[in-house]
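Structure record follows, encoded as structure tokens.
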Amino acid sequence: MSNVYDVLAERGYIEQATHEEELRELLEKEKVSFYIGFDPTADSLHVGHFIQVMVMMHMQKAGHRPIAIIGGGTAMVGDPSGKTDMRKMLTKEQIEQNARSFKEQFSRFIEFGEDKALMINNADWLLELNYVDFLREIGRHFSVNRMLTAECFKTRLEKGLSFLEFNYMLMQSYDFLELYRRYNCKLQMGGSDQWSNILGGVELIRRVEGASAYGLTFKLLTTSEGKKMGKTESGAIWLDAEKTSPYEFYQYWRNIDDKDVEKCLALLTFLPMEEVRKLGSLEGAEINKAKETLAFEVTKLVHGEKEAVNAQQAAKALFSSGSEGGSIPFTEMARSQFTTGIDILTLLQEAGLTSSKSEGRRLVQQGGIYLDENRVEDFNLIITERDFEDGKLMIRKGKKVYHQIRLI
RNA sequence: GGAGGGGUUCCCGAGUUGGCCAAAGGGGGCAGACUGUAAAUCUGCUGGCUAUGCCUUCACAGGUUCGAAUCCUGUCCCCUCCA
């Protein structure tokens, strides 16, 4: 069980790999530098990236060296894989800013240092490429016929694919070559949508350097229905506490589908596999224990133990007795606003629970709003200081969304 | 550059003999019931508001008309075929 490859396989990360056996041996024998690319298209990593971060952690633990590549150069082109539309192009400044946020977040999970792990922006070499040289050196190794048969371009061939995007594969392949030359990086990993791009790099290194390089892809984190996980109606689940509070983060995992629990425990926590299997095999209401463990462990990894405990306590308190907990989302409002009273619809909006008064009105009419566990019957209700206890008022929307108003 | 087709509410997508269109249907989402903070199922809702009425929406800007998503003119954008 000491081989990381086996660990990764057992936990269910691996989708496919080039030369499985060779790669396994390589990981057994030597310290391998490997890379995973990240597109800096947002200012924070989200849950979808986290699985890749987990892999880097596993690999680093096993003594290998992760190289996180920030696609500063490639982001300026946009990866067409799996997309139906052309991506928005980002400005250089945005990309740089995002790259900084990424690095900060990576440091929470991976130890950086010359020998430990690196983070590199591929803009370093991509931006100064000379077009003609690139074509002569790299372009000649790619067959358009072959590329067109690649899965990642198929959907785009129907809808239209610009030449700019068509080049993405070459750029990513070139990244791998460059990393091989500079850091002796022999392995590229990525989501399964990256398979063709990774293969491109592996082949390029073989042709240009005559050396062996390897590729490995992970399963994309999807729900049992095949949807991408980590997306909610209100957007992605971010690793940044500012964008997704630890409480919400915890709740996301707590509310996960029964069928996804075991998979997530294996992929997103470091719990031993025996325990993962044990938890995953719980039946009926019992499986809630597994969900609690999952939520706690993942929150702990991402936000630290303290936040995880807070989130867990808040959740338990709310869902078992309805009393308040420590870290539920809240809004602070001036006491003076409540001397004359404020109507419920406005209050809901202030708390961010509804986006319009009409929406609030509907919610109340349908019986979806509660104040301290009492259903609100009338949408003309006026809230005053007297409704508060200890300067706090708990509003609940639906079954699970809690929000507290605090007087200041 | 030439020929043709099209841009509708969160998304897909009806609607173009002008009024009955805040706009069918589906998806998604939200809420209710049932439950285990799960899934499935059933029900309701899904532009805004100082709300039985009023206001703003059908690419954009004008025009015709008592009245336009629907007709006319111009502009922008997208797609397909030809070069």
Side-chain angles (χ1 to χ4, degrees), chain A residues 83-88 155-162 222-237 245-265 279-296 298-299 308 311-325 327-329 340-346 348-349 351-371 373-382 394-403:
Chain A
K83 305 287 183 317
T84 43
D85 295 306
M86 184 149 153
R87 274 223 206 138
K88 287 187 199 90
T155 49
R156 294 304 300 278
L157 280 175
E158 284 154 29
K159 296 215 74 174
L161 175 70
S162 71
T222 53
T223 66
S224 54
E225 276 133 37
K227 288 184 198 156
K228 269 199 181 181
M229 203 177 266
K231 299 266 183 202
T232 64
E233 54 300 338
S234 47
I237 301 289
S245 76
Y247 174 79
E248 288 171 85
F249 188 85
Y250 178 93
Q251 280 299 312
Y252 180 79
W253 301 108
R254 180 61 248 266
N255 285 322
I256 208 148
D257 193 318
D258 286 7
K259 285 172 276 188
D260 295 321
V261 176
E262 184 166 340
K263 181 171 69 190
C264 287
L265 280 167
L279 286 167
S281 64
L282 293 172
E283 304 246 340
E286 284 288 291
I287 200 157
N288 278 319
K289 283 186 192 146
K291 293 187 190 180
E292 272 174 33
T293 309
L294 171 69
F296 181 77
V298 182
T299 310
Q312 186 165 50
Q313 280 174 350
K316 278 191 172 154
L318 287 174
F319 284 95
S320 54
S321 65
S323 66
E324 55 172 282
S327 71
I328 1 130
T340 49
I342 187 165
D343 67 285
I344 182 76
L345 299 182
T346 307
L348 287 171
Q349 257 185 305
L353 289 171
T354 54
S355 55
S356 72
K357 290 191 179 166
S358 297
E359 190 187 335
R361 187 170 284 125
R362 271 178 240 124
L363 268 167
V364 172
Q365 279 168 346
Q366 295 183 119
I369 294 295
Y370 303 79
L371 290 179
E373 295 312 298
N374 300 314
R375 183 175 272 179
V376 176
E377 307 282 353
D378 176 12
F379 56 73
N380 290 314
L381 184 72
I382 303 293
M394 182 67 74
I395 306 179
R396 173 157 72 91
K397 174 187 149 202
K399 269 174 282 196
K400 304 176 209 166
V401 184
Y402 287 86
H403 196 97

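All figures in this text were calculated on a predicted structure; none of them were measured in a lab.
Within the 4.0 angstrom heavy-atom criterion, base atoms lie near A:Arg254. When heavy atoms are screened at a 4.0 angstrom cut-off, A:Lys291 is found touching base atoms of the nucleic acid. Here A:Arg396 lies out of heavy-atom contact (under 4.0 Å) with every strand. Across all strands, A:Ile287 comes closer than 4.0 Å to base atoms (heavy-atom distances). Counting non-hydrogen atoms under 4.0 angstrom, A:Tyr370 reaches the backbone sugars and phosphates but no base. Within the nucleic acid shown, A:Ser358 comes within 4.0 Å of at least one base atom, counting heavy atoms only.
Mapped onto RNA chain B by nearest heavy atom, A:Ser356 and A:Tyr250 fall at different nucleotides, with A:Tyr250 at the one closer to the 5' end.
For A:Ala308, the side chain to side chain contact (heavy atoms under 4.5 Å, CB included) criterion is met by A:Phe296, A:Thr299, A:Lys300, not counting sequence neighbours. For A:Arg396, the side-chain hydrogen bond (donor to acceptor under 3.5 Å, both in side chains) partners two or more places apart in sequence, or in a different chain, are A:Glu373.
Nearest nucleotide to the side chain of A:Lys397, out of B:C30, B:U37, B:G48: B:C30. Nearest nucleotide to the side chain of A:Phe319, out of B:U37, B:A39, B:C45: B:U37. The listed nucleotides are B:U37, B:G48, B:G32; the one nearest the side chain of A:Gln251 is B:U37. Among B:A31, B:G48, B:G36, the nucleotide with an atom closest to any side-chain atom of A:Ala285 is B:G36. Relative to the side chain of A:Lys400, the nucleotides B:U37, B:C49, B:A39 differ in distance, and B:U37 lies closest. If you check B:C30, B:G48, B:U35 against the side chain of A:Arg362, the one that comes closest is B:G48. The side chain of A:Asp258 sits closest to B:G36 out of B:G36, B:U35, B:A31.
Between the side chains of A:Ser356 and A:Glu359, no donor-acceptor pair is found at a separation under 3.5 Å.
Note: CD (A:Glu373) to C1' (B:U37) measures 13 Å, nearest angstrom. Taking atom CG of A:Asn255 as the reference point, atom P of B:A39 lies 8 Å away to the nearest angstrom. Between the P atom of B:A38 and the OH atom of A:Tyr252 lies a distance of 14 Å, rounded to the nearest Å. Rounded to whole Å, the distance from CG on A:Leu348 to P on B:C49 is 12 Å. Between the C1' atom of B:U50 and the CD1 atom of A:Ile344 lies a distance of 18 Å, rounded to the nearest Å. Residue A:Glu359 contributes atom CD, which lies 13 Å from atom P of B:C10 at whole-angstrom precision. Atom CD of A:Gln349 is separated from atom C1' of B:G48 by 11 Å (rounded to the nearest Å). Atom CD1 in A:Ile342 sits about 13 Å away from atom P in B:U50, given to the nearest Å.
B:C34 sits 16 Å from B:G44 when the C1' atoms are compared, rounded to a whole Å. Separation of the C1' atoms belonging to B:C21 and B:U16 is 13 Å when rounded to the nearest angstrom. When the P atom is used for both B:A59 and B:C54, the distance is 25 Å, rounded to whole Å. Rounded to whole Å, the P atom of B:C78 lies 41 Å from the corresponding atom of B:U41. Taking the P atoms as reference points, B:G63 lies 23 Å from B:C20, given to the whole Å. Here, B:A69 and B:U8 have their C1' atoms 7 Å apart, quoted to the whole Å. Atom name C1', nucleotides B:G19 and B:U70: the rounded distance is 11 Å, in whole Å. A distance of about 15 Å separates the P atoms of B:G67 and B:U56, rounded to the whole Å.
Pairing for B:U52 is absent, with no Watson-Crick or G-U wobble pair whose two atom distances lie under 3.5 Å. With a cut-off of 3.5 Å on both pairing distances, the Watson-Crick or G-U wobble partner of B:U46 is B:G28. Searching all strands for a Watson-Crick or G-U wobble partner of B:A39 with both distances below 3.5 Å returns nothing. In this structure, B:U80 forms a base pair with B:A3, meeting either the Watson-Crick or the G-U wobble geometry with both donor-acceptor distances under 3.5 Å. With both pairing distances under 3.5 Å, B:C71 is matched to B:G63 as a Watson-Crick or G-U wobble pair.
Separation of the A:Tyr402 and A:Tyr370 ring centroids does not fall under the 6.0 Å cut-off.
Under a 3.5 Å cut-off, the side chain of A:Asp343 and the backbone N or O of A:Thr346 do form a donor-acceptor pair.
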- Show the numbers, then the answer: is there a side-chain contact (heavy atoms from CB on, under 4.5 Å) between A:Leu381 and A:Leu371? CA-CA 11 Å; A:Leu381 184 72; A:Leu371 290 179; 3.9 Å; yes
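For a distance-only test at 3.5 Å, the side chain of A:Gln366 fails to qualify as a donor-acceptor partner of the base of B:G32.
Side-chain N/O atoms of A:Lys357 include one lying less than 4.0 angstrom from OP1 or OP2 on B:U50.
In this structure the side chain of A:Glu248 never reaches within 4.5 angstrom of the side chain of A:Tyr252, judged on heavy atoms.
Taking the charged nitrogens against the carboxylate oxygens, A:Lys289 and A:Glu292 have no contact shorter than 4.0 Å, which rules out a salt bridge.
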